[in-house]
Structures are given as structure tokens and as C-alpha cells.
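These values consider heavy atoms only, across backbone and side chains, with no hydrogens, waters or symmetry-generated copies.
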Amino acid sequence: MSSIGGFTNVSVQKFASEGDLVLFERNWSEHKELVLKKLGEKGLIGFTSQKVWNQDEDLTRMYIFEYESPDAVKACLPVWKELEVALFGGIAMKVTAYRGVTLETWTRD
């Protein structure tokens, strides 16, 4: 076990329908390289996308963004605001975001 001290933003998105999910996935595919590049320039150091399999209808996704510092998290907020319409416009979903700092992590050798 180690103490890392990484800074994260975990976004859980519950889509209202399969159509909303498909539209978001299309938008993300079209914009993700630019989004991740812009965020990387501001301090994003890692990204993970997960399908949440223990929720009804497979309409829940979880996105984990890892940052180098709390300032990097704040610096990335305007990038999200700038891309909000392109990524999320016209999509019905509930988003819950959690920002935190890693207290501990473990990996199997």
C-alpha cells in the first residue's frame, strides 16, 4: 500500500435512455482527443471510462479524471464549460460529480 495524494474528479452519469447514451458516446468519440489534449495541457494526468454493470439497463457510466494538483482541477473547469454543449447538448442524464484526493492505493505485484 502506498499513499499517493492524487487529485480526482469522478463523474457518474445515468442516462435517461439508450438513445441518450448513444448520442453522448458519439459526441465523446468525436471530441475526446481534443478534450483530453486540452485537459492534459491544464494538468490532467489520467482518465478512465467505466461501464457500471450493476445498474438497471446498463445506462450508467463512470468517468475518473486524475489531476496533478488541486489547481489543475480548477484550471480544467473552463475547458469543460467550453465543451459542455458539444458533449452534453440535448442529452437527458443525471450527473453526479465527486472531487477528492487519493488517501491510499494498492496494486497486486
Would you say Leu77 ends up clustered with Val95 if hydrophobic residues are merged whenever their side chains have heavy atoms under 4.5 Å apart, either directly or through other cluster members? no

When rounded to the nearest 0.5 angstrom, what is the spacing between CD in Glu25 and OG in Ser49? 8.0 Å

Could you walk me through whether Leu44 and Val79 pass the side-chain contact (heavy atoms from CB on, under 4.5 Å) check? CA-CA 11 Å; Leu44 180 74; Val79 175; over 6 Å; no

Which atom names give the shortest non-hydrogen contact between Pro78 and Ala75, and what distance separates them? CD-O, 3.2 Å

Value rounded to 0.5 Å, distance of CH2 in Trp28 from CG in Leu36: 4.5 Å

Note: with side-chain heavy atoms under 4.5 Å as the link, the other cluster members for Val52 come out as Val10, Val12, Met62, Ile64, Tyr98

Checking Val22 against Arg26 for the side-chain contact (heavy atoms from CB on, under 4.5 Å) test, could you report, in this order, the C-alpha distance in whole Å, the side-chain angles of both residues, the deciding distance, and whether it holds? CA-CA 6 Å; Val22 168; Arg26 187 198 74 195; 5.5 Å; no

Under the side-chain hydrogen bond (donor to acceptor under 3.5 Å, both in side chains) test, which residues partner Thr48, sequence neighbours left out? none

Between Phe47 and Phe65, how do the two ring planes meet: parallel, tilted or perpendicular, split at 30° and 60°? tilted

Which distance, rounded to the nearest 0.5 Å, do you find between the CZ of Arg61 and the CD of Gln13? 9.5 Å

Between Glu33 and Lys37, is there a salt bridge with N-O shorter than 4.0 Å? no

Would you say Phe15 and Leu23 make side-chain contact, with heavy atoms under 4.5 Å? no

Holding to side-chain hydrogen bond (donor to acceptor under 3.5 Å, both in side chains), I want the full list of residues that pass it with Lys38, two or more places apart in sequence or in another chain. Glu82

Any idea which heavy atoms bring Lys42 and Cys76 closest together, and the distance? CB-SG, 3.6 Å

By salt bridge (Lys or Arg N to Asp or Glu O under 4.0 Å), which residues pair with Glu18, not counting sequence neighbours? none

Closest non-hydrogen contact found for Asn27 with Ala86 is ND2-O, 3.3 Å

Please identify each residue that fulfils ring pair (Phe, Tyr, Trp, His ring centres under 6.0 Å) with Phe88, with sequence neighbours left out. Phe24

Pairing residues for Lys51 by the salt bridge (Lys or Arg N to Asp or Glu O under 4.0 Å) criterion, not counting sequence neighbours: Asp58

Nearest 0.5 Å please: distance from the CG atom of Leu39 over to the CD1 atom of Ile45. 12.5 Å

Once rounded to the nearest 0.5 Å, what's the spacing between atom CD of Glu66 and atom CG of Asn9? 11.0 Å

CG/Leu83 to NZ/Lys32 distance, rounded to the nearest 0.5 angstrom? 15.0 Å

